[in-house]
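The block underneath contains the structure these notes are about, expressed in structure tokens.
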Amino acid sequence: MLVSIQPKPCPTAIRPGTVHGVRDVSSQLAHDLRTPLAAIAMNLDFATSELGPDLPETLRDALADCREANQRAVSLVADVADALRLASGVLRPRIAAVDVSARVGAAVRRMALEVARRSVRMMWAPDVAIVQADGDLLERVLDKLLEQALRHAHAGDSIDVSLRGDAVVVRVSFGHAGTAPSVEVARQSLAMHFADVAMRAQGGAVWTEAEAGALLLVIALPA
């Protein structure tokens, strides 16, 4: 039996006269956090370069993990700032005809190396779907959902991505030893909040569903 939890209302209750304040806060947030994060990335690269061939493999892997975590933090900062701007209307989607199949295929290819590294199987069934949307925002949302799917998957699990009518469905199937996370846990992340706000701004939506042994992340495309 399918259990569906719909997304929470988008936080759009911005009073007249506060738009500039929201824009200023989000811009300042992005600036204040990106600057030290950029410094961390530069110093990690410097340390790796200076130590060169003398750097032990275990330390090299640790520095690489730090670099990856730093990149994720930079991405989250951008998501939080843009979610605020989208919710307030400061940032508006650029609507045009978008080939959804091509965008999904590109997102799947971007995840291919990480999927292989984690020993997770990912399958993509292409189909034809042209919608009126913001292509760049849609790609960011696709990236967020695939990242969330991979975050919950373990070695031996599978991720199936498909177009079903007017929706993109990412289905994470867990192996016999895997335990599906709760829908609430999957939904309550900054990445999913950004995805929800970004799709609502285009006339679509994002939600999660749970079924026996699987987690579904769904993008309802704009009509």
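Hydrogens, waters and symmetry mates play no part in the numbers below; they use all other heavy atoms, side chains included.
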Q: Kindly indicate whether the side chain of Leu163, heavy atoms from C-beta on, has any atom under 4.5 Å from the side chain of Leu221.
A: yes
Q. Is there side-chain contact between Val120 and Val172, with heavy atoms separated by less than 4.5 Å?
A. no
Q.
Once rounded to the nearest 0.5 Å, what's the spacing between atom CG of Leu216 and atom CZ of Arg164?
A. 6.0 Å
**Q.** Inter-residue atom distance Gln202.CD - Gln132.CD, 0.5 Å rounding
**A.** 11.0 Å
Q) Closest heavy-atom contact between Val197 and Ala83? A) CG1-O, 3.6 Å
Q: Mark yes or no for whether Ser119, through its side chain, and Gly156, through its backbone, hold a donor-acceptor pair below 3.5 Å.
A: no
Q: Compare every heavy atom of Ala198 with every heavy atom of Val141, then report the nearest pair and how far apart it is.
A: CG2-CB, 3.7 Å
Q.
Using every non-hydrogen atom in the two residues, find where Val206 and Ala195 come nearest and quote the distance to one decimal.
A. CG2-O, 3.6 Å
Q. If you round to the nearest 0.5 Å, how far is CH2 of Trp124 from CZ of Arg109?
A. 10.0 Å
Q.
I'd like to check Ser158 versus Arg171 (side-chain heavy atoms, cut-off strictly below 4.5 Å). Are they in contact?
A. no
Q. Can you name the nearest heavy-atom pair linking Ile95 to Asp134, along with the distance?
A. CD1-N, 3.9 Å
Q) Say you draw a straight line from CG of Asp196 to CZ of Arg200; how long is it, rounded to the nearest 0.5 Å? A) 4.5 Å
Q) Where do Ile130 and Asp99 come nearest, in terms of heavy atoms and distance? A) CD1-CA, 3.6 Å
Q: Check Ala201 against Pro93 and note the closest heavy-atom contact, atom names and distance.
A: O-CG, 3.5 Å
Q) Taking 4.0 angstrom as the limit, do Arg140 and Asp79 come out as a salt bridge? A) yes
Q) Should Leu217 and Met192 count as side-chain neighbours, where that means a heavy-atom distance under 4.5 Å? A) yes
Q.
Does atom CZ (Arg121) have a neighbourhood of more than 12 heavy atoms from anything else shown, all under 6.0 Å?
A. yes
Q: Any chance you could measure Ile159, atom CD1, to Met122, atom CE, to the nearest 0.5 Å?
A: 4.0 Å
Q) Just how far is it from atom CZ of Arg92 to atom CG of Leu137, taken to the nearest 0.5 Å? A) 13.0 Å
**Q.** Residue of the set Arg110, Glu114, Arg151, Met111 for which side chain to side chain contact (heavy atoms under 4.5 Å, CB included) holds with Leu146
**A.** Met111
